[in-house]
Structure formats: structure tokens, C-alpha cells
Protein chains: 2
Amino acid sequence: MTDEGTVYRQADDYDRRMSPYDPSAFPPFAVTVDLAVLTVRRHALCALVVRRGEPPFQGRWALPGGFVREDEDLATAAARELVEETGLIALSTRTAPSAPAAHPAATAGAAPHPPAAPPATAPAQDPPAALGKGAHLEQLATYGDPARDPRMRVVSVAHLALAPDLPAPRAGGDAHSARWAPVEALLGHEDAFGRDEEAVPLAFDHAQILADGVERARSKIEYSSLATAFCPPEFTVGELRRVYEAVWGVVLDPRNFHRKVTGTPGFLVPSGGTTTRQGGRPAQLFRAGGATVLNPPMLRPEV
Amino acid sequence: MTDEGTVYRQADDYDRRMSPYDPSAFPPFAVTVDLAVLTVRRHALCALVVRRGEPPFQGRWALPGGFVREDEDLATAAARELVEETGLIALSTRTAPSAPAAHPAATAGAAPHPPAAPPATAPAQDPPAALGKGAHLEQLATYGDPARDPRMRVVSVAHLALAPDLPAPRAGGDAHSARWAPVEALLGHEDAFGRDEEAVPLAFDHAQILADGVERARSKIEYSSLATAFCPPEFTVGELRRVYEAVWGVVLDPRNFHRKVTGTPGFLVPSGGTTTRQGGRPAQLFRAGGATVLNPPMLRPEV
DNA sequence: CAAATAGTGTCTTTTAGACATTATAAG
DNA sequence: CTTATAATGTCTAAAAGACACTATTTG
């Protein structure tokens with residue numbers, strides 16, 4: 001039914017170039033991982049950005065990232081970068097392309113591995129680190145526009161990390177090399193441009209990566225228990241609700257939220273304790289339950 | 001709070017190695033695209049597979065794919081491969097990672113595999129092509145396990161394509177170089193192993209890629225109008241229902257399905273005509289509406 | 001006629017969302 | 001006391017799902 005022989009016979013071409021005996025037969029790419037690390041700080045969804053010290057985009061903010069090493073898996077590289085940037089240990093890295101019903105429980109995914117401390121390189125002040133804490137880590141998408149890096153052909157496998165609120169990199173500072181910034185400002189929510197320092201567009205295609213990561217997070221907390229990744233090990237229903245409110249940018253009814261979240265099997269398990277850290281009546285403390293898929297889901301309010 | 005200097009100062013490292021003046025400073029990768037092309041044939045979800053003519057995995061079935069060219073975007077490469085393999089024109093390719101309102105699509109981990117096909121091997125008869133037709137195309141996930149291809153380091157950016165039923169590659173044939181095969185058989189649905197020819201595991205990590213693609217499709221038709229990508233330009237409600245039944249592997253109530261699908265704004269628009277190609281009372285013909293996000297969603301029946 | 005598919009309606013259960021009320025802390 | 005937050009309950013509207021019934025074709 002089609003032109004003979006031409007159609008899916010590109011395979012010939014493939015094998016010829018795939019031959020290890022002719023390494024110059026295929027175009028070489030650099031492969032990196034970039035990280036969209038999100039957290040909730042002061043009731044706002046924030047991302048970790050680092051300031052670039054060299055061209056291109058010198059002085060601009062960018063997402064943290066680095067090269068994938070010779071014998072390193074993509075998930076391993078992302079976990080390594082996450083440790084290097086934040087001290088966070090990846091708690092879950094799934095091969096699965098997340099889907100509601102398919103998201104298996106994933107706990108330990110990528111191994112911690114050797115942080116491999118770079119020698120003398122850095123003055124490196126204010127690390128936003130919180131060693132010993134865990135974060136959710138998953139692959140986001142891959143970006144490979146030939147022009148995305150002016151220096152060479154780089155394909156970046158972006159990852160999304162969700163972490164509990166971490167200590168500020170350095171309170172009061174202003175010209176540091178790393179910081180948490182509200183995603184609204186980073187993504188230039190129209191009217192925000194020109195006002196704030198971080199309203200300058202991110203380097204490379206990192207604004208697109210971040211936007212994709214934010215949308216992934218926003219949609220995924222609907223159908224999974226991932227919102228708990230933004231919370232400390234023990235948290236209250238109110239704290240979890242404030243996570244949803246910050247990530248979605250909406251206000252939720254505390255009573256309906258409480259009823260729904262406590263009624264979803266496997267979402268939360270009471271830890272026994274209570275706290276008054278939010279003021280008011282003591283609230284029950286919970287831990288994340290084993291469920292990864294929420295049924296029924298938490299639905300974002302309509303437009 | 002963390003080890004000084006080591007943390008996010010990988011930027012130095014990054015920039016040093018990124019320098020175009022030292023191309024040997026970063027490890028070179030081959031980058032490919034692999035395609036999980038899905039369609040619905042004879043009430044079963046099927047995938048396009050090609051037979052490998054050379055080692056490794058000689059004689060095994062694999063997903064179609066090929067190298068990303070020097071100055072080619074990832075989406076462009078995937079669209080090119082799709083045309084080469086099937087004659088299908090990519091109708092939609094989104095950079096966006098996940099499902100809009102809901103569900104995150106995928107994140108994937110690692111896996112290897114380049115499809116390789118033998119040159120002389122193929123008489124290349126039966127292309128499952130259907131020139132001039134369109135298909136949905138989107139990025140799925142990226143697989144980069146260092147061992148996924150025994151020959152060299154290959155990172156593959158897998159894509160998912162959804163197409164209407166196409167003419168069989170070659171009816172009656174049995175040892176062709178390309179064919180549609182039910183995903184159940186390809187993924188070795190337990191009891192299916194050993195019975196059928198395609199019960200032999202796919203080459204490389206293609207079973208993982210295909211499984212991820214199938215799960216992406218299954219979840220995405222819940223919250224988007226993507227199921228129409230499996231249908232011809234004009235289709236009936238019954239035909240659309242059979243798509244859902246095939247993809248999900250369930251039986252749906254025709255009456256509730258009809259009420260729901262016609263009641264979802266923007267999902268379907270009547271084209272005016274009717275058809276009796278399914279037998280019985282003439283059915284109204286519809287086209288896909290403009291809506292991409294379904295509200296309310298079509299929910300998969302529970303376990 | 002029977003058989004098959006299309007399309008509409010009706011009823012019950014479940015869920016979402018609006019909102020009242022009570023409980024227990026801090027200041 | 002007031003104020004803030006937590007937790008439970010009640011009501012209504014919408015949606016899901018089970019299922020009866022009618023409509024229009026082919027054989």
C-alpha cells in the first residue's frame with residue numbers, strides 16, 4: 001500500500017551507523033540532567049535556582065544540573081545532582097511513566113551514592129541543603145532543541161524533585177549563588193516582570209522545563225499522594241491543605257478537605273501525636289500512608 | 001548546614017566541561033528516538049514492531065526507531081521516523097510533559113535500546129503504511145541505562161504515537177519485517193507466553209518502553225479526548241466505545257457511555273451524517289471536538 | 001420474523017461542595 | 001473574654017452506574 005521498500009527500512013541506515021566499529025557514523029551528543037526542585041515556602045510554590053557565573057546567560061538564574069557520566073544511569077545522575085545541590089536523598093525514582101492507576105508504590109528507587117565532593121572548586125556559601133532528608137524524584141521530560149545551548153548539542157533529561165520546606169540558603173542575602181524563588185516570579189507571571197530580581201527569564205530553556213515541572217506537580221497531586229512529599233515526615237491535615245493551596249494557587253474549604261483526605265484509603269495514617277504549631281486546637285499528626293494512587297482523587301477546583 | 005563548597009557548585013564543573021574548546025571533557029552519547037506506535041485492530045490494542053535482522057537480538061521484534069540527526073529536534077526526529085515507518089503524519093507533538101488536568105503522564109527511568117535492523121535482510125514487503133493519514137505523537141520518556149545496548153552508550157527518547165486502524169502490513173504473511181501485534185502478546189501477559197510467536201520478549205528494553213507507552217495511553221484517554229486519535233476522521237459513539245474497551249481491556253455499558261460521551265462539552269461534534277457500517281440502527285457520525293481536556297473525565301472501571 | 005446496534009429514560013448510590021456547629025488551644 | 005485552628009455533621013446538587021425501554025437497520 002505504500003512506496004515499496006522505502007518506508008520502515010530506515011533500519012538499514014540505523015545499523016550501519018550503529019556499528020561500534022565506526023564511532024564517527026553517528027552524531028555525538030552531550031547528555032545532561034537538569035533538576036526542577038520544588039518546595040513550598042511561606043505558602044508559595046518555590047523552585048531552586050542557581051546563578052550562572054559564566055557565559056552564556058552569565059548572571060542569570062538557571063536550574064541546577066550537570067552531565068550524565070559515562071557509566072551512570074539517568075536516574076542515578078539526577079539523584080547525584082540532587083544530593084550535590086541540596087543534600088536531599090532521592091526517595092523515589094520510578095521507571096514507570098506515572099499514571100494514575102499504574103503508579104506502583106515506589107519507595108526506594110535510586111541509590112544515594114557517593115556525593116563525590118568536588119575538591120577545591122567552590123567558595124560556595126549558602127547551600128540550601130538539609131542532609132538526611134528525603135525528596136521525591138522522577139523523570140520529567142527531555143529537551144533537545146539543537147539551539148538550546150549555543151555552545152554545543154546538548155540533550156537534557158529534566159527531572160522533577162519535590163521536597164519539604166528547607167532552610168533558606170542564606171537569610172537576608174541578595175547576591176548568592178543559589179536560592180529558592182517563587183515559581184510565579186521565575187515564570188514571569190505577566191505583571192510580575194520587571195518588578196523583582198528573579199523576574200528576569202531563566203537561562204536556556206529552563207523556564208519551559210520549570211513550567212512543565214510545575215504543571216506535572218499540579219496535576220500529579222490530584223491523583224497521587226505526592227503532596228505529602230512537600231510535607232515533613234509528620235504533618236497535620238491543615239498543613240497538607242496548605243500545600244495543596246500553594247501548589248494550585250487556590251483556597252480550599254478546610255472542612256471538605258479534611259473529610260475528603262481522611263476518607264481516602266491509604267492516604268494518611270495517624271501517627272498518634274498532636275501538635276499546636278499552627279495555633280488553635282491541637283491537630284492530629286499523620287504520616288503518609290502506603291497508597292500512591294488516590295481514589296477518589298483530589299480534584300482541582302474548576303475555572 | 002552541609003559540607004561546604006561541595007553543594008551546588010557543580011556549576012563550575014559544568015561550565016568547565018561544557019566548554020566547546022574541550023570537546024573531550026564530556027562523555028559522548030548516541031541519542032535515538034524509539035516509537036511506541038499504538039492502534040486498535042480487531043478490538044485489540046496493537047503495537048507496531050519490526051523484526052531485527054542483526055545482532056544483538058537478531059530475529060527478535062523491536063520497536064521502530066533511529067538516530068537523532070545532527071541538527072534535528074527530538075520531536076522532529078520522532079515525526080520523521082513515524083513517517084518512515086508508517087507513512088503517518090504527526091498531528092500533534094507536545095513538549096508538554098503530562099496530562100493537563102490530571103494526570104501526569106510519565107516519568108521514566110532508564111532503559112536502553114536502539115533498534116537495529118539488518119540491511120540486506122529485509123525484502124521489506126508489507127509496510128503498515130497509510131500515507132496521508134495523521135497520528136497523535138508525543139514524547140513518552142527517556143531511557144538511558146548504560147547497559148541497555150551492548151554495543152555502545154545510547155540514550156533513547158521514546159515517543160508515543162496513536163493512530164487509527166491501518167491496513168495490515170500484509171494479510172496472511174507470517175515472517176515479515178514489520179507487523180502489528182497485540183500488546184498483550186508482546187508484553188507477555190503471563191499465560192500468553194510460549195503460545196504465540198510474538199510472545200518472545202522484545203529486544204533491548206523495548207518491553208518496558210511499550211509497557212510505559214500503553215499505560216500512558218490508558219490513563220490519558222481518561223482525561224483527554226485522545227481516544228479519538230484511534231478513530232478515523234468520522235466515527236460513531238459505538239466505535240469510540242470499542243476503542244475505550246480495547247485500550248482498557250474492559251466492557252463498558254453502551255448506554256451510560258453514550259450518555260456520558262455526548263454530554264461532555266467539546267468532546268464530540270456531530271458531522272451530520274449517519275452510518276450503518278456496524279450493522280443495526282443507523283448511527284450518528286461525529287468528529288473530534290476541540291476539547292482536549294475532558295470534564296468530567298471518562299473513568300476506568302475500578303478493580 | 002429475529003438479531004444487532006443506536007439512542008433515551010429512570011432509578012439508586014456515591015461524591016462534591018456549601019455551610020453549621022462544636023472542640024481545644026493561645027493570648 | 002476573643003481569636004484561631006481542628007474536627008464532625010448536614011444538606012443539596014451532580015455524577016456514576018445499573019438497567020428498562022424504544023428505534024431502526026439487516027438478514
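Predicted model only: the values in this text are computed from it and were never measured.
- The shortest distance between the side-chain N/O atoms of Arg241(B) and the OP1/OP2 oxygens of dA6(C) is below 4.0 Å.
- For the OP1/OP2 pair of dA6(D) and a distance below 4.0 Å, the side-chain nitrogens and oxygens of Arg242(A) include at least one atom meeting the criterion.
- Between the CD atom of Gln284(B) and the C1' atom of dG7(C) there is a distance of 9 Å, given to the nearest Å.
- A salt bridge links Glu215(A) to Arg300(A): one of the charged nitrogens lies within less than 4.0 Å of a carboxylate oxygen.
- Regarding Asp253(B), its CG atom lies at a distance of 17 Å from the P atom of dC11(C), rounded to whole Å.
- Rounded to whole Å, atom C1' of dG7(C) lies 15 Å from atom CG of Leu285(B).
- For Pro282(B), taking side-chain heavy atoms from C-beta onward, the closest of the listed nucleotides dG17(C), dT24(D), dG17(D) is dT24(D).
- Atom-to-atom, CG of Leu240(B) to P of dA6(C) comes out at 11 Å; the value is rounded to the nearest Å.
- Considering only side-chain N and O atoms, His258(B) lies nowhere under 4.0 angstrom from the phosphate OP1 or OP2 of dA6(C).
- A straight line from CD of Gln278(B) to C1' of dT24(D) spans 15 Å, rounded to a whole angstrom.
- Here Leu35(A) contributes atom CG and His159(A) contributes atom NE2; the two are 7.5 Å apart, rounded to the nearest 0.5 Å.
- Atom CG in Leu252(B) sits roughly 9 Å away from atom P in dG17(D) (whole-Å rounding).
- Rounded to an integer number of Å, the gap from CZ of Phe286(A) to P of dA7(D) is 6 Å.
- Looking at the side chain of Arg259(A), the nearest of the listed nucleotides dA16(C), dA7(D), dA25(C) is dA16(C).
- For Arg255(B) against dA20(D), a side-chain-to-base donor-acceptor contact under 3.5 Å is present.
- Listed for the Thr39(A) side chain is a donor-acceptor partner under 3.5 Å among the backbone atoms of Pro164(A).
- Counting non-hydrogen atoms of neighbouring residues, nucleotides and ligands closer than 6.0 angstrom, the CZ atom of Arg277(A) exceeds 12 such neighbours.
- Between Glu239(B) and Asn256(B), the residue anchored closer to the 5' end of DNA chain C is Glu239(B), taking for each the nucleotide with the nearest heavy atom.
- We find that CE of Met298(B) is positioned 14 Å from P of dA15(D), with the value rounded to whole Å.
- Between atom CZ of residue Arg241(B) and atom NZ of residue Lys260(B) there is a gap of 15.0 Å, rounded to the nearest 0.5 Å.
- Side-chain atoms of Arg281(A) and base atoms of dA25(C) include no donor and acceptor less than 3.5 Å apart.
- In this model, the phosphate group of dA15(D) is not approached by any side-chain N or O of Lys260(B) to a distance below 4.0 Å at OP1 or OP2.
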